[in-house]
Structures are given as structure tokens and as C-alpha cells.
Amino acid sequence: MSDIDPEQRIYAVLAAIPSGVVVTYGQVAELAGLPNAARLVGRTLRHLPKGSSLPWHRVINAAGKISLPPDSDSGKQQIARLQQEGLVVDGCRISLAKYRWRP
DNA sequence: ATGGTGACTTGGC
DNA sequence: TGCCAAGCCACCA
């Protein structure tokens, strides 16, 4: 279909995620046309610059939990941003049933 | 070249 | 939901 880099597709998908919802790594990979690349998504997010405008905080794992140490800087950042968007965050858990984005 | 690791997922109980 | 095992993909020592 397209011949752009996988990372570019991932960025595009991320940018399309609306506020107030969350998606899983696998979901991002799927939407980016990269099946079985959930790990690649995680790696890509890890490489994101600190001041990126991309909503990386809306990405959680399939278990409905934040894939970052809750005590880490980024982890706390993610929780704070999600709450700021009106989501109910229970520790590192978030209700996928409630907030999962369905395009 | 080989094996270990990780911001992962799915299927079985 | 929760735990476990197996699969998958890119990176690194």
C-alpha cells in the first residue's frame, strides 16, 4: 500500500488518537498496518523525545495497564496526563472496556 | 553468529 | 480479571 517507514505510520496513528481514550500497543500496530509489531510500537515510544507532541500517554498494554513503572517519571507523567483528560486511573490500571478507542 | 531482553499479545485455565 | 507459556520483533553485548 504505502512505502513510508513503519515509524512514520506509527506516528500518524498516534496523532489520530483523540483525547479521553486509550489504545493498546497491538492496536496501534494493527492500525499502522503492522501486525505482530506491538513490541516495535513500544520500542518506538521509548525512543520518543521528551518534548514530543505525540499523545504517547494514550497507549497502554492489552491487560489494561500502564507498561511503565508507576514510580518512574514517565509513568507518573502518563497517569497524570490521562487523569487530566478525564480518565479514571486506578493505580496503573485503566478500564479498557470504558476507554478503549474504537475507530 | 548467538543468546538475552523488553513501554507486547494471545490462548488456555 | 488473573497467572502462565509460547510467539514475535528489533536491538545489544
Side-chain angles (χ1 to χ4, degrees):
Chain A
M1 272 274 259
S2 47
D3 38 350
I4 46 180
D5 301 293
E7 290 195 355
Q8 289 297 310
R9 296 192 182 189
I10 294 175
Y11 293 146
V13 172
L14 278 179
I17 306 173
S19 172
V21 298
V22 292
V23 291
T24 66
Y25 292 89
Q27 198 177 352
V28 173
E30 284 286 313
L31 291 171
L34 304 165
N36 301 355
R39 286 201 120 118
L40 177 62
V41 174
R43 241 200 68 69
T44 302
L45 294 193
R46 182 58 182 81
H47 270 252
L48 282 180
K50 204 174 176 187
S52 176
S53 52
L54 293 171
W56 56 269
H57 55 279
R58 294 177 190 146
V59 185
I60 64 178
N61 61 35
K65 301 207 288 192
I66 291 177
S67 293
L68 275 171
D71 50 302
S72 73
D73 230 21
S74 301
K76 287 188 265 188
Q77 195 74 257
Q78 181 164 21
I79 294 173
R81 288 196 181 197
L82 289 174
Q83 293 180 326
Q84 202 173 329
E85 295 184 354
L87 281 77
V88 177
V89 183
D90 174 34
C92 56
R93 279 212 78 267
I94 295 164
S95 173
L96 270 177
K98 266 193 164 209
Y99 303 115
R100 175 178 249 226
W101 181 44
R102 334 214 158 143

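Lettering of chains follows the sequences in order, A, B, ..., and the numbering in each one begins at 1.
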- For the base of dC8(B), is there a side-chain donor-acceptor partner from Arg39(A) under 3.5 Å away? yes
- Query: For Glu85(A), which residues count as a salt bridge (Lys or Arg N to Asp or Glu O under 4.0 Å) partner, sequence neighbours excluded?
  - Reply: Arg58(A)
- Watson-Crick or G-U stems of DNA chain C, 3 or more pairs, under 3.5 Å, by first number: B:2-6 with C:9-13, B:8-13 with C:2-7
- Item | Spacing of Arg43(A) atom CZ relative to dC8(C) atom C1', expressed in whole Å | 15 Å
- Task: Mind checking Ala37(A) for me? I need base, sugar-phosphate or nothing, with any heavy atom below 4.0 Å counting as a touch.
- Result: nothing
- Whole Å only: how far is the CD atom of Gln27(A) from the C1' atom of dA7(B)? 16 Å
- Here the gap from His57(A) atom NE2 to Ile17(A) atom CD1, rounded to the nearest 0.5 Å, amounts to 9.0 Å
- Query: Are any of the side-chain heavy atoms of Thr24(A) and Val59(A) separated by less than 4.5 Å?
  - Reply: no
- Interatomic distance, Trp101(A) atom CH2 to Leu31(A) atom CG [nearest 0.5 angstrom]: 6.0 Å
- Message: Quick check on dA7(B): is either OP1 or OP2 less than 4.0 Å from any side-chain nitrogen or oxygen of Ser74(A)?
- Response: no
- Between atom CG in Leu34(A) and atom C1' in dC8(C), what is the gap in whole Å? 13 Å
- What integer number of Å spans the P atoms of dA7(B) and dA6(C)? 22 Å
- Taking all heavy atoms of Ala32(A) and all of Ile10(A), pick out the closest pair and write down the distance. CB-N, 4.2 Å
- Here the distance between atom C1' of dA10(C) and atom NE2 of His47(A), to the nearest Å, is 10 Å
- Query: How long is the gap from OG on Ser67(A) to CG on Asn61(A), to the nearest 0.5 Å?
  - Reply: 3.5 Å
- Query: What integer distance in Å separates Leu40(A):CG from dG7(C):C1'?
  - Reply: 16 Å
- Quick one: Asn61(A) CG to dT1(C) C1', roughly how many Å, whole number? 13 Å
- Interatomic distance where CG belongs to Leu45(A) and P belongs to dC8(B) [whole Å]: 10 Å
- Taking everything shown except Asp73(A) itself, do over 12 heavy atoms lie less than 6.0 Å from its CG? no
- Query: Rounding to a whole Å, what distance do you find between Ile60(A):CD1 and dT9(B):P?
  - Reply: 9 Å
- Message: If the cut-off is 4.0 Å, is Arg93(A) near the phosphate of dT1(C), judged by side-chain N/O to OP1 or OP2?
- Response: yes
- Heavy atoms under 4.0 Å, any strand shown: does Thr44(A) hit a base, just sugar-phosphate, or nothing? nothing
